[in-house]
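Quick note on labels: first sequence line is chain A, next is B, and so on, each numbered from 1.
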There are 2 protein chains.
Amino acid sequence: MEATPAKKTSRIQTRNRRRILEAALEVFSQQGFRGATLDQIADAAGMSKPNLLYYYESKEAIHVQLLNALMEKWLAPLDHLDPAGEPLDEILGYVRRKMEMSRRFPRESRLFANEILQGAPRMHPHLQHRLKPLFDTKCALLRRWMDEGRLAKADPAQVLISIWALTQHYADFDTQVRILVPDESAGWRAAQDHVLTVVRKLLTPAPPAPAASTLR
Amino acid sequence: MEATPAKKTSRIQTRNRRRILEAALEVFSQQGFRGATLDQIADAAGMSKPNLLYYYESKEAIHVQLLNALMEKWLAPLDHLDPAGEPLDEILGYVRRKMEMSRRFPRESRLFANEILQGAPRMHPHLQHRLKPLFDTKCALLRRWMDEGRLAKADPAQVLISIWALTQHYADFDTQVRILVPDESAGWRAAQDHVLTVVRKLLTPAPPAPAASTLR
DNA sequence: GCGATTTTTTACCGTTTGGTCAAGCCACGA
DNA sequence: TCGTGGCTTGACCAAACGGTAAAAAATCGC
């Protein structure tokens with residue numbers, strides 16, 4: 001209720017903030033928090049270090065800002081799992097979205113990986129209060145689908161975790177993957193097809209079993 | 001051919017070197033290379049920083065030593081894939097060994113993850129000259145098994161990569177997993193069973209198809 | 001017990017780091 | 001045209017960093 005608190009973000013402000021976040025994402029995702037330096041970020045953003053600190057009060061503030069934005073982006077695909085849809089299609093669509101994110105936003109994935117690797121010192125609350133509830137909701141949905149026989153039975157939590165493991169691996173371990181599978185162009189296509197196959201084989205429900213044919 | 005080059009490692013030397021590596025593993029795996037400090041490592045090893053540098057000439061030397069030892073440990077399970085064994089059993093055994101390693105040596109896994117995340121600046125040669133050939137050999141083995149109809153057809157490289165993704169995830173993203181699946185004791189059992197199921201479903205070959213029953 | 005060698009410590013060095021400050025620049029409205 | 005206020009910069013700082021030198025302490029062979 002202050003009387004017109006202040007003039008809001010000017011054009012130059014938004015531009016520079018965006019530049020800084022872009023540069024910081026580049027540096028943090030590759031070097032981790034402590035490995036990154038303000039000079040590196042300022043350099044990548046094309047401005048001086050004091051100027052950078054004019055827009056963000058500290059190195060940590062930049063990092064936190066990135067992680068906050070990341071969390072929303074990261075949760076979105078999972079949120080789109082539609083309870084009214086065809087179970088297997090919904091899940092395969094989710095896998096496709098996650099693979100797409102690994103391909104298009106590998107830096108975000110590595111930023112996240114770095115944070116978790118270090119014990120999520122800054123993201124722990126987010127994980128507990130935003131990710132966990134959503135995770136539980138979707139686990140319940142998966143369990144319902146399984147109980148209805150529309151998905152093969154499995155531990156829903158483990159299913160989601162393995163989807164994350166499979167999809168994010170291609171971004172986080174990109175260096176290793178590139179060494180082992182040097183195929184540039186076809187690599188992502190092969191990866192996506194493979195992960196989709198894995199999840200399909202895992203979750204495709206057994207046919208309604210018309211007679212006694214399963215045993216031998 | 002020097003005349004009696006030097007007295008070899010004394011008892012106190014081996015003890016202190018071991019302490020240092022143990023401490024460094026703890027710190028590096030959690031903080032990454034640049035995030036770790038010599039003071040932290042020295043502290044964790046229970047000795048002074050100069051004393052630490054008496055045993056290893058630099059921070060990088062410690063890191064390299066750890067990575068070298070790690071590579072051997074990491075390759076061993078894959079090397080044990082027996083071409084003469086029953087394909088599915090061999091692979092499931094390999095998965096079991098990898099899960100066991102994630103459970104017993106999460107710090108090693110995270111050390112590796114950190115290194116790869118940062119583009120493998122120190123491990124790149126190792127990956128290319130030790131991991132890659134072994135990887136290719138085992139891919140060929142998998143392909144042979146698939147051609148013989150003893151494993152379901154799939155891209156062998158992607159199969160190995162996804163096994164790594166699934167198993168290492170439980171060590172590298174332990175923080176996240178613990179938040180989502182707080183179950184302490186049963187957690188690892190559930191995880192192992194799940195991963196084994198995923199791989200089994202992926203690679204179990206279709207039955208010999210006695211007649212025309214697959215199509216409805 | 002004693003000399004020689006290995007191990008440990010104290011004190012220190014140059015550099016890098018995150019961050020500050022005061023002054024300068026520049027766009028823009030009056 | 002000239003202020004005025006947001007934007008930018010060079011110079012600087014204290015702390016933390018990786019690493020060194022030399023002397024003290026502990027250990028070992030004898």
Heavy-atom contacts, protein to nucleotides 24-30 of chain C, under 4.0 Å, summarised as B (base), S (sugar-phosphate only) or - (none) per nt, yield -------
Can you confirm whether B/Lys73 sits close enough to B/Met101 that some side-chain heavy atom of one is under 4.5 Å from a side-chain heavy atom of the other? yes
Candidate list A/Arg103, A/Arg96, A/Lys98, A/Arg97, test salt bridge (charged side-chain N to carboxylate O under 4.0 Å, His left out), partner A/Glu100, passing option: A/Arg103
For DNA chain D, which residues of residues 47-59 of chain B approach it to below 4.0 angstrom with any heavy atom? B/Lys49, B/Pro50, B/Leu53, B/Ser58, B/Lys59
Strictly distance-based, threshold 3.5 Å: is any side-chain N or O of A/Arg17 a donor or acceptor partner for the main-chain N or O of A/Tyr55? yes
Think A/Arg122 forms a cation-pi with A/Phe33, using NZ or CZ under 6.0 Å from the six-ring centre and within 45 degrees of its axis? yes
Quick check on contacts: within residues 35-44 of chain A, what sits under 4.0 Å from DNA chain C by heavy-atom distance? A/Ala36, A/Thr37, A/Leu38
Would you say CZ of B/Arg18 has more than 12 non-hydrogen atoms from neighbouring residues, nucleotides or ligands within 6.0 angstrom? no
Which parts of residues 16-31 of chain A get close to DNA chain D, meaning a heavy atom less than 4.0 angstrom away? A/Asn16
Identify the residue among A/Leu117, A/Ile161, A/Ile116 that makes a side-chain contact (heavy atoms from CB on, under 4.5 Å) with B/Phe173. A/Ile116
Tell me whether the count of non-hydrogen atoms from other residues, nucleotides or ligands lying under 6.0 Å of CZ in A/Arg34 goes above 12. yes
Taking 4.0 Å as the cut-off, does a side-chain nitrogen or oxygen of A/Gln13 come that near to OP1 or OP2 on D/dC7? yes
Give every donor-acceptor pair under 3.5 Å between a side-chain atom in residues 36-43 of chain A and any protein atom, sequence neighbours left out.
unit_1  : atom_1 : unit_2  : atom_2 : d
A/Thr37 : OG1    : A/Gln40 : N      : 3.0
A/Thr37 : OG1    : A/Gln40 : OE1    : 3.4
A/Gln40 : OE1    : A/Thr37 : N      : 3.0

For residues 194-202 of chain B, which side-chain donor-acceptor pairs fall under 3.5 Å, sequence neighbours excluded?
unit_1   : atom_1 : unit_2   : atom_2 : d
B/His194 : NE2    : A/Gln158 : O      : 3.2
B/His194 : NE2    : A/Ser162 : OG     : 2.9
B/Thr197 : OG1    : B/Asp193 : O      : 2.8
B/Lys201 : NZ     : A/Leu202 : O      : 3.2

Count the heavy atoms belonging to other residues, nucleotides or ligands that lie under 6.0 Å from CZ of B/Arg104, then report whether that count exceeds 12. no
So, A/Trp164 versus A/Phe112, ring centres under 6.0 angstrom or not? no
Okay, side chain of B/His129, backbone of B/Pro125: is any donor-acceptor separation there less than 3.5 Å? yes
Run B/Leu25 and B/Leu70 through side chain to side chain contact (heavy atoms under 4.5 Å, CB included) and show every step you take. CA-CA 10 Å; B/Leu25 174 60; B/Leu70 173 60; over 6 Å; no
Under 4.0 angstrom between B/Arg34 side-chain N/O and D/dG18 OP1 or OP2: no
